[in-house]
Colleague: 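Below is the structure I would like to discuss, written out as structure tokens.
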Amino acid sequence: MGYNQAYNAYKKASVNTASQAELVVLLYEGAVKKLASASSKFGPNGKLPVANIESFSADVLRAQEIITELQVSLDMEKGGEISRNLMALYIFFNDQLRNANISKSKDKIDSVLKMMTELTESWRKAAENANGTVAAQSQPALNIEG
């Protein structure tokens, strides 16, 4: 078994054995990774070079897909106010990212990235408390590469 096959088997096993909270953490980590990648595409002058437009857009779209997955996973009946607040936040994030993709705005990407990073830490702590174990940190167990 080659390295790639072993790694893919590991990723699949990680996803299959992860708790719901750990899966949420993995989704957040994936969105953060894509947003950080999108932000890194800008030059030192704050402008997006033409050569980076396609990969920038792909990163933003993948982050939006992940956020949408977080949206559809919300249990609006059981989650109550927390689910409603998260839904509003996810809608806001996707709206900001859509606008950032159109206007090529690093500031909007960085703003969502900052909030997503903070939420990732909160979810990681919640997963640790729920499972009594340390949630996966920066473990690319989901196909977040797009």
Colleague: Taking salt bridge (Lys or Arg N to Asp or Glu O under 4.0 Å) as the definition, give me every residue that meets it alongside K114, ordered by chain and number, with sequence neighbours left out.
Modeller: E118
Colleague: Please enumerate all residues that pass ring-ring contact (aromatic ring centres under 6.0 Å, His included) together with Y90, with sequence neighbours excluded.
Modeller: none
Colleague: According to the salt bridge (charged side-chain N to carboxylate O under 4.0 Å, His left out) rule, which pairs have a member within residues 82-101, sequence neighbours left out?
Modeller: D95-R98
Colleague: If you group Ile, Leu, Val, Met, Phe, Trp and Tyr by side-chain heavy-atom gaps below 4.5 Å, do L86 and M116 land in one group?
Modeller: yes
Colleague: Is V60 close to S57 at the side-chain level, that is, under 4.5 Å between some pair of heavy atoms?
Modeller: no
Colleague: Pairs in or reaching into residues 42-54: which pass salt bridge (charged side-chain N to carboxylate O under 4.0 Å, His left out), with residues at least two apart or in two chains?
Modeller: none
Colleague: Using the test side-chain contact (heavy atoms from CB on, under 4.5 Å), find all partners of S73 that sit at least two apart in sequence or belong to another chain.
Modeller: none
Colleague: What salt bridge (charged side-chain N to carboxylate O under 4.0 Å, His left out) pairs are there with at least one residue in residues 100-111, not counting sequence neighbours?
Modeller: K106-D110
Colleague: Working to the nearest 0.5 angstrom, can you tell me the gap between N101 CG and I109 CD1?
Modeller: 7.0 Å
Colleague: Considering all heavy atoms of both residues, which atom of L27 and which atom of I66 are nearest to each other, and what is their separation?
Modeller: O-CG2, 3.1 Å
Colleague: Is the backbone N or O of M87 less than 3.5 Å from a side-chain atom of Q71, with the two atoms forming a donor-acceptor pair by type?
Modeller: no
Colleague: Looking at residues at least two apart in the chain, or sitting in another chain, which of them share a side-chain hydrogen bond (donor to acceptor under 3.5 Å, both in side chains) with S37?
Modeller: K41, D59
Colleague: Write out all pairs satisfying salt bridge (charged side-chain N to carboxylate O under 4.0 Å, His left out) with one or both partners inside residues 68-81, taking only residues at least two apart or from two chains.
Modeller: none
Colleague: For the hydrophobic clusters of this structure (ILVMFWY residues joined by side-chain heavy atoms under 4.5 Å, transitively), does one cluster hold both I82 and V72?
Modeller: no
Colleague: Please round to the nearest 0.5 Å and tell me the distance separating atom CD1 of I91 and atom CD of Q96.
Modeller: 13.0 Å
Colleague: In Å, rounded to the nearest 0.5 Å, how long is the span from CG of L97 to CD of Q64?
Modeller: 5.0 Å
Colleague: Does S111 have any side-chain contact (heavy atoms from CB on, under 4.5 Å) partners at least two apart in sequence or in another chain, and if so, which?
Modeller: M115
Colleague: Taking atom CD1 as the centre, does I53 end up with more than 12 heavy-atom neighbours from other residues, nucleotides or ligands that are less than 6.0 angstrom away?
Modeller: yes
Colleague: Run the side chain to side chain contact (heavy atoms under 4.5 Å, CB included) check on L119 and L89 step by step: do they pass?
Modeller: CA-CA 11 Å; L119 283 168; L89 201 53; 3.5 Å; yes
Colleague: Which residues satisfy the side-chain hydrogen bond (donor to acceptor under 3.5 Å, both in side chains) test with S122, sequence neighbours excluded?
Modeller: none
Colleague: Give every residue pair that meets the ring pair (Phe, Tyr, Trp, His ring centres under 6.0 Å) criterion with at least one member in residues 48-83, sequence neighbours excluded.
Modeller: F42-F56
Colleague: Identify, with sequence neighbours excluded, every residue that meets salt bridge (Lys or Arg N to Asp or Glu O under 4.0 Å) alongside E121.
Modeller: R124
Colleague: So, does S39 use its side chain to make a donor-acceptor pair with the main chain of L35 at under 3.5 Å?
Modeller: no
Colleague: Would you say I102 ends up clustered with V50 if hydrophobic residues are merged whenever their side chains have heavy atoms under 4.5 Å apart, either directly or through other cluster members?
Modeller: no
Colleague: Do the side chains of L70 and Y28 get nearer than 4.5 Å, heavy atoms only?
Modeller: yes
Colleague: Please report the shortest heavy-atom distance between G43 and P49, naming the atom on each side.
Modeller: N-CD, 3.9 Å
Colleague: Using a strict cut-off of less than 4.0 Å between a Lys/Arg side-chain nitrogen and an Asp/Glu carboxylate oxygen, indicate whether K125 and E128 qualify as a salt bridge.
Modeller: no
